[in-house]
Amino acid sequence: MTAPVSRGYRCRISLLTEADGKKSVLSKCGTLQTDDCGGVILSYESADDAGSFFTDGKRASWRRNGEMSALFLFEAGKITKGTFGPDGLNGEVRIKTHKIALKQQKDVVSAEVVYTLVFDYGEQKMKVKLCARLSEKSSENTGA
C-alpha cells in the first residue's frame, strides 16, 4: 500500500466467516487505520495469533499468522493466489473473488468479501464479514 496511513485507533473487531454454509464468529480487540485513498486496515494480535485485513472496496488482502497462517489477495472479478498452512508447510490456492464491499460510518467500519477457494481437488465457497467499532475512548480522537 502506498497511500499515507493514519495512526491506529482501538476498536472491537467482529469477524464472521462462512465456509460452505457453516458459520463461525470471532471477536477481537484490534486497531483500525485508514489511508488517504479511502482504504482501511483492521489488525489484531493475541497470544495465539495475529491478523491484518486491508480493503479499499475494490481489492483486499487478509494475512493471518499463528497455528494456521494464510495470505489471501482478493480482486473482484479476477482470479488471484493465496498461501496457507502451518509454518513451513504452506500450500497455494487460487481465489475467485465475487464481491468486495466496504462501508464506513462515523464509529463503525464494515467490510465483506465473497470468494471461492479453488483447490486441485475441488472448490470451497467462502464469505468473510468484518465489523470494527471504535472504542469509546478512541472515537473522540478520530475527528469523525
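These numbers come from a predicted model, not from an experiment.
Between I41 and L32 there is no side-chain heavy-atom pair separated by less than 4.5 Å. The shortest distance between side-chain heavy atoms of V114 and H98 falls below 4.5 Å. Looking only at side-chain heavy atoms (C-beta outward), R12 and S27 come within less than 4.5 Å of each other. Using a 4.5 Å cut-off on side-chain heavy atoms (C-beta onward), L15 and V25 make no contact. Looking at heavy atoms from C-beta onward, T17 lies out of side-chain contact with L26 at the 4.5 angstrom threshold. Residues D48 and E67 are not in side-chain contact: their nearest non-hydrogen atoms beyond the backbone lie 4.5 Å or more apart.
In this structure, F53 CZ and S61 OG are separated by 7.5 Å, a value rounded to the nearest 0.5 Å. Taken to the nearest 0.5 Å, the CH2 atom of W62 stands 11.5 Å off from the CG atom of L42. A distance of 11.5 Å separates CD of Q105 from CG of L134, quoted to the nearest 0.5 Å. From I95, atom CD1 reaches atom OG1 of T80 across 4.0 Å, with rounding to the nearest 0.5 Å. A distance of 11.0 Å separates CZ of R64 from CZ of F84, quoted to the nearest 0.5 Å. The NZ atom of K58 lies 9.0 Å from the SG atom of C37; values are rounded to the nearest 0.5 Å.
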I'd like a table of donor-acceptor pairs (distance under 3.5 Å, sequence neighbours excluded) in which one partner is a side-chain atom from residues 122-131, with atom names and distances.
| from | atom 1 | to | atom 2 | distance (Å) |
| --- | --- | --- | --- | --- |
| E123 | OE2 | K96 | NZ | 3.2 |

Worked check of side chain to side chain contact (heavy atoms under 4.5 Å, CB included) between R59 and F54: CA-CA 8 Å; R59 57 196 167 98; F54 163 81; 3.9 Å; yes

Pair S110-K103, side chain to side chain contact (heavy atoms under 4.5 Å, CB included): steps then yes or no: CA-CA 5 Å; S110 60; K103 293 181 185 175; 3.5 Å; yes

Derivation of the side chain to side chain contact (heavy atoms under 4.5 Å, CB included) call for R10 and C29: CA-CA 7 Å; R10 290 186 320 210; C29 289; over 6 Å; no

Worked check of side chain to side chain contact (heavy atoms under 4.5 Å, CB included) between Y115 and I100: CA-CA 9 Å; Y115 59 100; I100 298 173; over 6 Å; no

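When all heavy atoms are compared, the tightest approach of I13 to T31 is CD1-N, 4.4 Å. Smallest separation of non-hydrogen atoms from A132 and C11: CB-SG, 4.0 Å. The shortest heavy-atom contact between S46 and K28 is OG-NZ, 3.7 Å.
Counted within 6.0 Å of CG on D120, heavy atoms from surrounding residues, nucleotides or ligands total 12 or fewer; the atom is thus considered open.
Grouping the Ile, Leu, Val, Met, Phe, Trp and Tyr side chains by contacts below 4.5 angstrom, directly or via other members, places Y121 with V93.
In this structure, K99 pairs ionically with E112, as a charged nitrogen and a carboxylate oxygen lie closer than 4.0 Å.
In this pair, F74 and F72 present their aromatic rings perpendicular. The plane angle is above 60°, beyond the 30 to 60° band.
Within the 3.5 Å criterion, the main-chain N or O of G38 finds a donor-acceptor partner in the side chain of Q104. Judged purely by atom type and a 3.5 angstrom limit, N65 has no side-chain atom pairing as donor or acceptor with the backbone of S69.
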